[in-house]
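Notes for the one structure printed next.
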Amino acid sequence: MVKFRRIGLPLLSLALVAAGCGGPAPAENTKTLTLWYWNRSLDDGLIQSVEQKFPGIKINAQKIGGDFKSKLKTTLAAGTDGPDIVAFNDWVSELFVSSDRFYDLYELGAKEIEPDFLDWKWNFGVTAEGTMIALPIDTGPTALFYRADLFAEAGLPSEPADVQRELGTWESYLQAGRQLQDHFGGKVKLLDNVKNIYTQFNAQSDRIYFSTDGEFIGDKPESSVKKAWDLAVQAARMKLAGNADAFTSEWNAAMNNGSIASFVGAVWMKEILEQGAPDTAGKWRVARAPGGDGNNGGSFLAIMKSSRYPKEAFDVIRYLQSPDNQIRTYKNINLFPSAAKALDDPILQEKEPFFGDQATGQIFAESARGVKPAYFGDKFTNVNGIALRELNSVALQGKDPDKAWRDALSRIRKELLR
Amino acid sequence: MGKPMLNPEPARVPSSRRTEGGLAARIWKHRKEYLAISPFYILFAVFGLFPIAFSMYLSFQKWDGIGRMSYNGLNNYRFMLTDPEFWRAVGNTLLIWIYSTIPMLFLALVVAFLLHSSFVRMRTLYRVGYFLPNVTSLVAVAIVFGTIFSNNYGLLNYTLNLLGLNSIEWLNRTWGIQLAISVMVIWRWAGYNAIIYLAGLQSIPTVLYEAAKIDGASGVQAFFRITVPNLRPIILFTLITSTIGGMQVFTEPQVLVGNDGGAGGGGLTIVLYLYREAFVHNYFGYGAAVGWGMFILIALFSIVNWLFVQGRPSHDQGVK
């Protein structure tokens, strides 16, 4: 026992010493920046290159899994120990009410790089008061994905340029759908679901639910909402939808066995389609969307007020989102650039076998340049959710569209008073 | 203080005994034992008591989860009682509860009765088999049931087509969603309740059955006249636990049809509604209020169940 104690004590103290040395002993001038992002929101290799590019800066990059937004909000509510740099998804406008929790990037020198970026995307990160809380990462320009073989068989134009010319309006697109469905005797549907028509029509608009001063305009004639609603109802009446929601196995199956001939989607749907419908490789094409160019989603980077090194953090995010590095990110993980200059890169001219050797990058680059600036407001998710639920009742349960529209509006008004 | 010193012994003994009899002193005396059992109370205080108290406080506040809270009076409760979606969620929850609980408990009783009967071999295997669904991951179950009930390419529709019937878009119909959720609940919990019933069955003395047999009672008569009345307290227990569980159905609809409860909101249960309002729409104060609304509903239902099962026992108890 005595013997054991004699050995034990030095061992214990040795262990304590070792533990003291074991941690990441910070060199005198090393500044550690913690970064929160989710899988595939940034290029991992690019993040690693930051430490070589900026000596003295250590990047502690943490992939946050699960419900990223909830975790971020929990951290904001707790008030301390947040990351220095944090990624936002397209819910950036929900954080405008907490804009004081983030550095105004304009004060850190963002004005200098503003001309490099697509202005509509840039403005998504700027509040109505003119503070910039988030720097763009990627964009989601939209286009029409369609099955060239099915279109040709039904006697519709099948070359992207012809499709754009002849199916350039929503009206002509829906009419083409009738021709297509008649030809296939109802076995093939024109599109996936009517909610997507509503979403995409609004994504092409510059006035949706709110004016820039926060007033609800969804019931006013200048808003796209009612037109989008009517168009979606029309598509439902014409039975043009396969009633398959995106991101479901049902949708994948419908795409893979060719029972849906087209849909309007963002550039990131390419990957989802390639993985979900491998049997249709080579048969898809991409054309500019009916009704115009729009955007779905796309993420951002922000610097939290709790960060001790805002200047360094800004240098890092500026580096991560430089036009050259956006091209690199596009090459590696397929994030579509938000820097205007990056859209001219030859990489976007590359042919893609899944799309019959079409260079779809060009189409999406043109679309990205054509997106109109829009204002979403911090209640967009809630209000849009109400409208989509009512629209779904029309499409699937046969609810009277006029009643559904009135119900949606009254529920939205109630929502806005909360 | 001078006088009592004359006779210190008798005075001190009762007084010291009195302090020993005080609550704090008694706790102090048994501090080691209390320390040993303290983990539960500490954990309960942190993860149980505090959240309960805080959610009560929160239900009178307006809070988006990040910014400052502001006092909101009874507005959260008022909004809840006037929101048609809340009442739809209550209706959905009750429907799903009825669709699932009644067949499930009946099925469990039959399974338990069969497992208890003498002609079944390899009982342990069956017991494990019936209990197994209960320990499978709920998310995995919901995904598998999602592919079974899938609108166009599901297993169920495939079978219907093989039989020459038309496909049904199960998950695009309100009742279809509710049916899918109910089947999932039944599949997962019937075995669990069967095991509980089995334990109850084993406690019924066999002499009762023997006496019934001598009197010429059939198996069905024995089931309804001996088994069911004797199991009454256990049925009450399973009914109350199923009510509490049934009122809190969440993962099944969330994975199956998403945060909005699918087509026509058919799968929008109370907890899914609470989750959506608090964590998707960021009305945390309102979410807390819905939680308390749900508490009242569950309490009411448990009382009703208790009255229903406990209400008319005097006549049947004669069997004992």
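Please read all numbers here as calculations on a predicted model, not as lab measurements. Sequence lines set the chain letters: A, B, ... in the order given, protein chains first and strands last, and positions in each chain run from 1.
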Is there a side-chain contact between D64(B) and V97(A) (heavy atoms, below 4.5 Å)? yes
Give, for atom CG of N252(A) and atom OH of Y153(B), the distance between the pair rounded to the nearest 0.5 Å. 11.0 Å
Within 6.0 Å of NZ in K239(A), more than 12 heavy atoms from elsewhere: no
The interface call for S259(A) against chain B, heavy-atom contacts under 4.5 Å, is side chain
Reported CD-to-CZ distance for the pair E85(B) and R411(A), which is rounded to 0.5 angstrom: 5.0 Å
Counting only non-hydrogen atoms closer than 4.5 Å, does K379(A) touch chain B with its backbone (N, CA, C, O), its side chain (CB onward), both, or neither? side chain
Considering only heavy atoms, which portion of N257(A) lies under 4.5 Å from any heavy atom of chain B: side chain, backbone, both, or neither? side chain
Report which part of E415(A) has an atom under 4.5 Å of a heavy atom belonging to chain B: side chain, backbone, both, or neither. both
Let me know if L72(A) has heavy atoms under 4.5 Å from chain B in its side chain, its backbone, both or neither. neither
For R276(B), is it the side chain, the backbone, both or neither that has a heavy atom under 4.5 Å from a heavy atom of chain A? side chain
Contact origin within N392(A) toward chain B - heavy atom pairs under 4.5 Å: side chain
Under 4.5 Å from any heavy atom of chain B, what part of E250(A) do you find: side chain, backbone, both or neither? both
Measure across V280(B) and N382(A) and return the closest heavy-atom pair with its distance rounded to 0.1 Å. O-OD1, 4.3 Å
Scanning both residues in full, the closest heavy-atom pair of Q397(A) with N172(B) reads NE2-O, 3.4 Å
Kindly give the heavy-atom pair with the smallest separation between K73(A) and N282(B), and that separation in Å. NZ-ND2, 2.6 Å
Identify which part of D83(B) has an atom lying under 4.5 Å from any heavy atom of chain A, answering side chain, backbone, both or neither. both
If you count every heavy atom of other residues, nucleotides or ligands that lies below 6.0 Å from R31(B) atom CZ, does the total exceed 12? yes
Please say whether more than 12 non-hydrogen atoms of neighbouring residues, nucleotides or ligands are located less than 6.0 Å from OH in Y130(B). no
Residues S393(A) and G264(B): closest non-hydrogen pair is OG-CA, 4.0 Å
Can you tell me which portion of A254(A) sits under 4.5 Å from chain B's heavy atoms? Options are side chain, backbone, both or neither. both
Is it true that, when you exclude D279(A) itself, more than 12 heavy atoms of the residues, nucleotides or ligands shown sit nearer than 6.0 Å to its CG? yes
Evaluate K414(A) against F79(B) for side chain to side chain contact (heavy atoms under 4.5 Å, CB included), listing each step before the verdict. CA-CA 9 Å; K414(A) 210 171 158 208; F79(B) 189 93; 3.8 Å; yes
Could you tell me whether the side chain of K62(B) and the main chain of R418(A) form a donor-acceptor pair under 3.5 Å? yes
Side chain, backbone, both or neither: which part of R101(A) has a heavy atom under 4.5 Å from chain B? side chain
Which atoms of D67(A) come close to chain B, meaning under 4.5 Å heavy atom to heavy atom: side chain ones, backbone ones, both, or neither? side chain
